[in-house]
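Below is one structure; the comments refer to it alone.
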Amino acid sequence: MKKIFNRLRGKAVLIFLGIALILTGVLSGNTIKGLQGNARVINYTGIVRGATQRLIKKELNHVPDDGLIARLDGILEGLAKGSSEFDLICLECPEYQELLLEMQGEWTEIKKEILNFRNGRAGDLLFSLSEDYFELADRTVLAAEVFTEKSVQNTKYALIYVNGICILLAVCSALSAFWQDKRRRKLDEAEQENKRKSEHLSKMFQQVLTPMNEISELMYISDIDTYELLFINNAGRETFQCDEREGVKCYELIQGRDEPCPFCTSPLLKTDENYTWEYTNPITKRHYLLKDRLVEWEGRPARMEIAFDITETANEKIELQKRVDMDKIMVDCIRELYRNHNFSEAAFYVLEQAGKLFMADRAYIIVFHGEYFSNTSEWCREGIEPQKENLQNIPKAEYEAWFELFQNRENLIIEDVDSLKETMSEGYEILEKQGIRSVVLVPLERGGEVSGCIGLDNPPAGFMDNGVSFLEAIRYFLMLAMKRNEDEQELYRLSYQDTLTSFYNRNRYMIDTEELAVRNIPAGVVYLDLNGLKEINDMYGHDAGDLALKECARTIQKAVKTGMFYRIGGDEFVIICTGIEEDEFNSYVCELKDSFRDEKCRAAIGSKWTEKSNNIRSVIAEADKMMYSDKEAYYQDHGPTGRYRHYSH
């Protein structure tokens with residue numbers, strides 16, 4: 001029987017414990033549900049107040065919110081009758097329900113006033129109604145809170161009756177603690193095992209770090225999200241002269257920046273793929289080939305970067321590119337010198353390209369003439385004052401040492417003008433006034449003689465050697481273009497200029513009269529014939545005749561200040577005046593006729609003015625006809641003997 005009783009007692013404990021647990025659960029559940037319902041009522045009553053306040057502000061700021069009005073209608077209805085939509089109960093508190101009814105009435109008045117305000121009425125009444133409404137809402141919330149507090153007190157007394165059950169639960173807890181202690185011992189054993197494994201992994205980690213620290217390339221690892229520097233190898237620490245510091249950012253140490261690098265490759269990295277790129281580090285001033293990769297470091301994603309120093313290779317690449325660019329520019333310059341027959345334009349193009357290529361302030365050509373030299377062509381970088389006008393007819397004697405170098409076919413390279421202070425004070429002063437700090441001059445040769453030089457002012461030190469090579473290569477083609485230009489000018493002179501008088505010849509006369517016929521502008525024409533030229537040639541020889549023609553040309557130029565002068569035949573001259581008024585032209589003609597009356601040689605003169613040069617041929621013919629009339633009058637007054645005697649004086 002005892003054994004059976006003990007067995008039943010053991011079961012009764014379990015039964016009573018079960019009943020107690022059920023009762024406690026039901027009571028607690030109902031209590032909690034009621035408290036939750038009360039809390040939601042209090043909460044939504046407060047929400048009504050806050051939402052109404054927000055609505056009034058919007059309306060007064062002319063921002064209508066009909067959706068909020070509808071929601072407030074629903075909440076108030078739910079507070080009064082309960083609502084499944086808002087999970088609200090009907091609070092069984094008469095005081096609360098009475099206040100809630102007042103709130104609904106005032107809410108109706110507020111809605112009406114909102115419509116009136118929207119229709120243009122002032123907002124004072126709406127504001128006043130809202131203030132009363134907010135005070136009423138506060139009292140309503142307080143009533144709900146008081147009712148809930150009473151409910152809590154009732155619940156507290158009810159739970160006292162289940163304390164006995166709690167004692168039993170404490171016993172159960174003691175038993176449970178025993179089993180928990182046993183379980184904890186097992187967990188401690190597992191923790192010790194994990195610690196041993198962790199120490200083993202740490203040793204392995206240090207073994208991995210050893211080769212990372214021994215490699216000569218810079219290597220570091222940073223958190224991909226926070227940019228915190230997690231590891232930097234010995235090469236990196238030596239390069240950036242740092243120790244591992246907790247919290248330091250990779251962009252601070254590696255790049256010297258205050259914020260993440262805009263070119264950071266972290267967003268570009270992909271799992272199991274390397275990202276390769278190049279960059280010149282602003283701190284080390286070295287160029288690196290960079291390999292980035294996503295890794296896991298101490299349980300978090302990180303970016304590992306290895307930097308290979310390729311500065312020398314990059315410099316070689318840059319130097320090669322410079323040579324390619326220099327060769328391309330040289331070819332362009334040679335093409336321009338060959339293509340453009342205007343030497344001034346072609347020379348300026350060459351100087352401009354050379355100046356820009358070698359970052360000089362000025363590029364120029366100096367030409368020697370006798371004991372002097374002059375700047376004949378110059379290019380200046382923007383902001384640099386030209387010196388061409390200041391370098392005209394400079395005595396070569398002041399730069400004798402430099403010209404000795406040129407005569408020996410040597411270049412003049414001055415890396416620092418200050419070095420001339422003691423040895424060549426005059427040369428230093430001239431260069432210093434022009435703002436020249438360094439200069440490169442390469443001699444130009446023609447026919448085995450040095451005829452000038454081409455130079456660069458203030459090229460950077462690293463550009464001087466290449467600048468000399470470029471100028472040495474281009475000078476031959478420059479001299480060819482210069483010689484061609486002089487030959488073309490001489491050919492032009494021979495084709496369009498009378499060698500005896502330096503007047504234009506008949507070829508130029510034909511071209512200019514054709515252009516005048518097209519331009520159709522006012523013009524004056526003088527047709528002049530030297531009297532007695534044949535007799536002079538026959539009696540005194542052609543040298544005397546040439547002398548008479550030269551004298552005639554000088555007389556014409558002296559009398560006519562503005563005009564184009566032509567010798568179109570042996571003793572025939574034409575003068576065409578444009579850009580002047582008819583009165584001024586007639587004055588020139590009178591002065592011309594007076595001049596020949598006083599000269600040893602005499603000339604027949606005819607003149608004609610026209611307002612439109614499209615008939616220039618007819619005008620010239622009229623002037624020619626008038627000249628012949630003048631010539632006939634001259635010969636009527638002078639017999640052959642008198643004529644010859646006139647030139648024998």
Side-chain angles (χ1 to χ4, degrees), residues 285 315 318-327 329-330 333 347-368 372-392 394-445 450-479:
K285 309 300 182 185
N315 289 341
I318 293 172
E319 186 63 28
L320 179 60
Q321 185 61 48
K322 285 182 180 178
R323 293 179 183 176
V324 171
D325 293 341
M326 187 171 71
D327 291 344
I329 290 175
M330 184 177 296
C333 290
F348 181 82
Y349 178 84
V350 172
L351 296 176
E352 180 181 21
Q353 298 306 309
K356 290 181 177 179
L357 179 62
F358 300 108
M359 301 177 66
D361 285 348
R362 277 184 292 269
Y364 47 84
I365 296 174
I366 299 293
V367 173
F368 305 156
Y372 299 89
F373 67 87
S374 298
N375 185 331
T376 59
S377 185
E378 180 184 55
W379 168 86
C380 295
R381 184 167 55 85
E382 185 177 356
I384 300 300
E385 184 178 355
Q387 296 295 324
K388 182 177 180 181
E389 298 301 325
N390 300 328
L391 296 175
Q392 300 298 318
I394 305 298
K396 293 168 63 175
E398 298 179 5
Y399 303 88
E400 184 176 352
W402 295 0
F403 288 102
E404 288 180 1
L405 287 175
F406 293 155
Q407 294 302 329
N408 294 329
R409 308 311 190 260
E410 296 181 24
N411 303 318
L412 175 63
I413 302 175
I414 303 176
E415 296 183 358
D416 186 0
V417 170
D418 289 340
S419 63
L420 302 178
K421 283 184 179 180
E422 303 297 332
T423 59
M424 188 180 291
S425 59
E426 293 182 357
Y428 167 77
E429 289 178 1
I430 291 179
L431 296 178
E432 196 273 336
K433 287 180 180 178
Q434 299 177 58
I436 297 175
R437 302 178 300 277
S438 61
V439 65
V440 172
L441 293 172
V442 174
L444 301 175
E445 297 181 27
V450 177
S451 60
C453 62
I454 181 171
L456 298 172
D457 286 348
N458 300 332
F463 288 79
M464 296 188 78
D465 291 340
N466 286 338
V468 170
S469 301
F470 182 88
L471 297 182
E472 286 179 338
I474 202 66
R475 64 181 173 181
Y476 172 75
F477 301 97
L478 193 65
M479 295 309 296

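Keep in mind the model is a prediction, meaning the values are calculated, not measured. What's counted below: heavy atoms across the whole structure, side chains too, no hydrogens, waters or symmetry copies. Residues: numbered from 1 along the sequence shown.
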Hey, are the side chains of [X] and [Y] touching, using non-hydrogen atoms and a 4.5 Å cut-off?
X: Cys453; Y: Arg475; result: no
X: Asp416; Y: Arg437; result: no
X: Asp361; Y: Cys380; result: no
X: Leu471; Y: Asn411; result: no
X: Ser438; Y: Ile414; result: no
X: Leu444; Y: Ile454; result: yes
X: Trp379; Y: Lys356; result: yes

What distance separates [X] [atom1] from [Y] [atom2], expressed to the nearest 0.5 Å?
X: Ile394; Y: Ser374; atom1: CD1; atom2: OG; result: 7.0 Å
X: Arg381; Y: Asn458; atom1: CZ; atom2: CG; result: 8.5 Å
X: Ile365; Y: Met479; atom1: CD1; atom2: CE; result: 9.0 Å

[X] (side chain) donor-acceptor with [Y] (main chain) under 3.5 angstrom:
X: Asn408; Y: Glu410; value: no
X: Asn390; Y: Gln392; value: no
X: Glu378; Y: Arg362; value: no

Measure across [X] and [Y] and return the closest heavy-atom pair with its distance rounded to 0.1 Å.
X: Ser377; Y: Phe348; answer: OG-N, 4.1 Å
X: Leu456; Y: Gly467; answer: CD1-CA, 4.4 Å
X: Phe358; Y: Pro460; answer: O-CD, 3.3 Å
X: Tyr364; Y: Leu351; answer: N-CD2, 3.6 Å
X: Ile366; Y: Asn375; answer: CD1-CA, 3.7 Å

Side-chain H-bond candidate by donor/acceptor type, Gln434 with Asp457, under 3.5 Å: no

With Glu415 via side chain to side chain donor-acceptor pair (under 3.5 Å) - residues at least two apart: none

Other residues, nucleotides, ligands: >12 heavy atoms within 6.0 Å of Asp465 CG: no

Step-by-step side chain to side chain contact (heavy atoms under 4.5 Å, CB included) determination, Val468 to Met464: CA-CA 6 Å; Val468 170; Met464 296 188 78; 5.6 Å; no

